[in-house]
There are 2 protein chains.
Amino acid sequence: MPREIDRRSARTRKALHQALLELMLRKGYEALSVQDIIDEADVGRSTFYAHYTSKEDLLRSGFHMLREELTEAQSASHARAEASRDDPLRFSAAMFEHAARYADHFRTMIGGRGGAVAENEIRLILSDMVRQELSSTLQDGTIPRDFVVQFVVGAFLTALNWWFERKPKLSPSEVDAMFRSLVLGGLAQMITKERRQAARPAAGRDND
Amino acid sequence: MPREIDRRSARTRKALHQALLELMLRKGYEALSVQDIIDEADVGRSTFYAHYTSKEDLLRSGFHMLREELTEAQSASHARAEASRDDPLRFSAAMFEHAARYADHFRTMIGGRGGAVAENEIRLILSDMVRQELSSTLQDGTIPRDFVVQFVVGAFLTALNWWFERKPKLSPSEVDAMFRSLVLGGLAQMITKERRQAARPAAGRDND
DNA sequence: TATGATAATGGACAGCTTGTTCGGGATTTT
DNA sequence: AAAATCCCGAACAAGCTGTCCATTATCATA
């Protein structure tokens, strides 16, 4: 019995995944048909359906593999990083770096091209990571854990998207700094407290 | 010449919009076909294409109308609300109330059922509102305006989604309090190290 | 290396959706 | 009432979907 998967299978699947990625980058996920995929991958129709039930299934399987890699890598880094227990956003820096390295992939998945499925999968993966981090650093309060987790994940995706769409020239650490500043400190730090009783925010005084 | 639109036209469009909403609530936007819509609205195929070019066009037109209503309402409230100029999140409370009243609509548009188009339209509308609010309360800092706006909008949508999906029993003001606490104060207030001072966001005015 | 077993492959099929076109019929406006 | 406008229903080609089957290539074993 083939304990490992047949090489033919593996090759086909790899071709399909690659074709999907390429086409998503070119046309976007939603506008994509199975026909396009098998055409790009040079694979027969029935071959596709022998491996996956739909294009959504194909995409999901890709994320499934990615998820295993990431959780593995994270558990490893989790083991050796005991020092900064009071930082609930340990993941962000590494993730921004990762995103910069695989910019095409992330761009494809997160922007409008990614479709609802991709974004959802990403949310799930990130939610797990964030939940794990928050469990050790956050105290129980009036705000449910779930809510905080979703908040952090949403902010991260927002940051990533803004980065790619608006200021792709920024370095990962710069974006990370903004992200951390907003998520950790909130908006309060940016409000002009001195003007609360003043008449009008007329003269914008720059103080770096 | 028809200064107003023909009643027949108006009736047909209304029927189409209503059918779209109904079907989105039932099956979700993505899984929807034009066939379904004209079937539900009891309208001929060619009639549909006489008014809209696609189901996306139909959805967009709905948001276009909504947008005009909202911006109008907001500019009105903007005119009479000069008191709390130091609150960058004036919109949230009213929006959560609005969402509670039209729960079905929001649920349909924002959750997974809404599709990418709906969420994008909503993001655009909210971005305008938030940008306008932030322009008067936020001072220039190291973090670009765009980034902050997207951050706030994302957090709001996250809150809304969490509310509907997880704790629909909560009142609008409760969710609003959580939202404000996180967005204004950030995560720092919830970290174990600094557990003593929390509970209240800086610019929060108690509403119950 | 030869051979049977296994699994992937390609092409063909029916069913469905899409967007367009047309003339007859109904409703609104003048 | 007459004219203008809009709705309707049907039919059309084109495209995609998911499933079938016989064929072919690859694997494990002797």
Side-chain angles (χ1 to χ4, degrees), chain A residues 1-62 64-65 113-118, chain B residues 1-62 64-65 113-118:
Chain A
M1 330 180 161
R3 208 175 57 193
E4 291 184 4
I5 300 171
D6 215 305
R7 288 181 208 157
R8 294 170 288 180
S9 283
R11 235 166 45 133
T12 301
R13 295 188 190 187
K14 185 173 280 183
L16 286 175
H17 276 122
Q18 197 162 344
L20 176 65
L21 206 68
E22 170 68 23
L23 287 176
M24 280 178 72
L25 186 58
R26 205 153 64 214
K27 300 177 55 178
Y29 175 76
E30 300 292 351
L32 225 69
S33 66
V34 175
Q35 191 73 34
D36 294 326
I37 301 176
I38 66 178
D39 197 43
E40 169 82 18
D42 196 34
V43 155
R45 179 164 217 72
S46 58
T47 304
F48 178 92
Y49 285 103
H51 291 278
Y52 307 100
T53 68
S54 61
K55 68 171 182 175
E56 183 175 323
D57 189 32
L58 172 61
L59 181 59
R60 280 224 158 81
S61 111
H64 187 64
M65 303 192 309
R113 295 181 224 271
V117 181
Chain B
M1 22 171 133
R3 206 171 46 211
E4 291 184 6
I5 301 172
D6 212 303
R7 286 182 209 162
R8 292 171 289 180
S9 283
R11 237 168 39 137
T12 302
R13 295 188 190 188
K14 185 171 280 184
L16 286 175
H17 276 122
Q18 197 163 345
L20 176 66
L21 208 67
E22 170 68 23
L23 287 176
M24 281 179 70
L25 187 58
R26 205 154 63 215
K27 301 178 55 178
Y29 175 76
E30 301 290 353
L32 224 68
S33 66
V34 175
Q35 190 73 35
D36 295 327
I37 301 176
I38 66 179
D39 198 44
E40 170 81 20
D42 197 33
V43 156
R45 178 165 215 73
S46 55
T47 304
F48 178 92
Y49 286 104
H51 290 277
Y52 306 100
T53 68
S54 61
K55 68 171 180 174
E56 183 175 324
D57 189 33
L58 172 60
L59 182 58
R60 280 223 157 80
S61 110
H64 187 65
M65 303 192 308
R113 296 181 221 272
V117 181

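So you know, we letter chains A, B, ... as the sequences are listed, proteins then strands, and number each from 1. Atoms considered below: every heavy atom in the structure, side chains included; atoms not considered: hydrogens, waters and symmetry mates.
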Subject >> Residues forming a side-chain contact (heavy atoms from CB on, under 4.5 Å) with B:H51, sequence neighbours excluded >> reply: B:S9, B:T12, B:R13, B:T47
**OP:** Give, for atom CG of B:L20 and atom CD1 of B:I38, the distance between the pair rounded to the nearest 0.5 Å.
**Re:** 13.0 Å
Subject >> Integer-rounded Å distance: C:dT9 C1' and A:D39 CG >> reply: 16 Å
**OP:** Would you check, one step at a time, whether the test side chain to side chain contact (heavy atoms under 4.5 Å, CB included) holds for A:F48 with A:Q35?
**Re:** CA-CA 10 Å; A:F48 178 92; A:Q35 191 73 34; over 6 Å; no
Subject >> Interatomic distance, A:H64 atom NE2 to A:R60 atom CZ [nearest 0.5 angstrom] >> reply: 12.0 Å
**OP:** Let me know the distance between CZ of A:R13 and C1' of C:dA7, rounded to the nearest Å.
**Re:** 12 Å
Subject >> A:L16 side, atom CG; A:L58 side, atom CG - distance, nearest 0.5 Å >> reply: 6.0 Å
Original post:
Is there any salt bridge (Lys or Arg N to Asp or Glu O under 4.0 Å) pair reaching into residues 21-34 of chain B, and which pairs are they, with sequence neighbours excluded?
Top reply: B:E22-B:R26, B:R26-B:E40, B:K27-B:D36
Original post:
With sequence neighbours left out, what residues match A:Y52 under ring pair (Phe, Tyr, Trp, His ring centres under 6.0 Å)?
Top reply: A:H17
Subject >> Side-chain-base donor-acceptor pair under 3.5 Å for B:R8 and C:dT27 >> reply: yes
Subject >> Residue whose nearest DNA chain C nucleotide is more 5′ - B:D36 or B:R11 >> reply: B:D36
**OP:** Nearest 0.5 Å please: distance from the CG atom of A:D42 over to the CD1 atom of A:I37.
**Re:** 14.0 Å
**OP:** Strictly below 4.0 Å, heavy-atom distances to any atom of DNA chain C: list the hits from residues 24-35 of chain B, or just say none.
**Re:** B:S33, B:V34, B:Q35
**OP:** Heavy atoms only: give me the nearest A:Y29-A:M24 pair and the separation to one decimal.
**Re:** CB-CE, 3.9 Å
Original post:
Roughly how many Å is it from CG in A:D57 to C1' in D:dT17, rounded to a whole number?
Top reply: 15 Å
Subject >> Selection: residues 40-56 of chain A, any non-hydrogen atom under 4.0 Å of DNA chain D >> reply: A:R45, A:S46, A:Y49
Subject >> Contact summary for B:G114 and B:A118, nearest pair of heavy atoms >> reply: O-CB, 3.3 Å
Subject >> Exercise: identify the closest heavy-atom pair between A:A15 and A:A41 >> reply: O-CB, 3.8 Å
Subject >> Degree of bending in the helix from C:dT1-D:dA30 to C:dT30-D:dA1 once both end axes are built from five pairs, to 10° >> reply: 30°
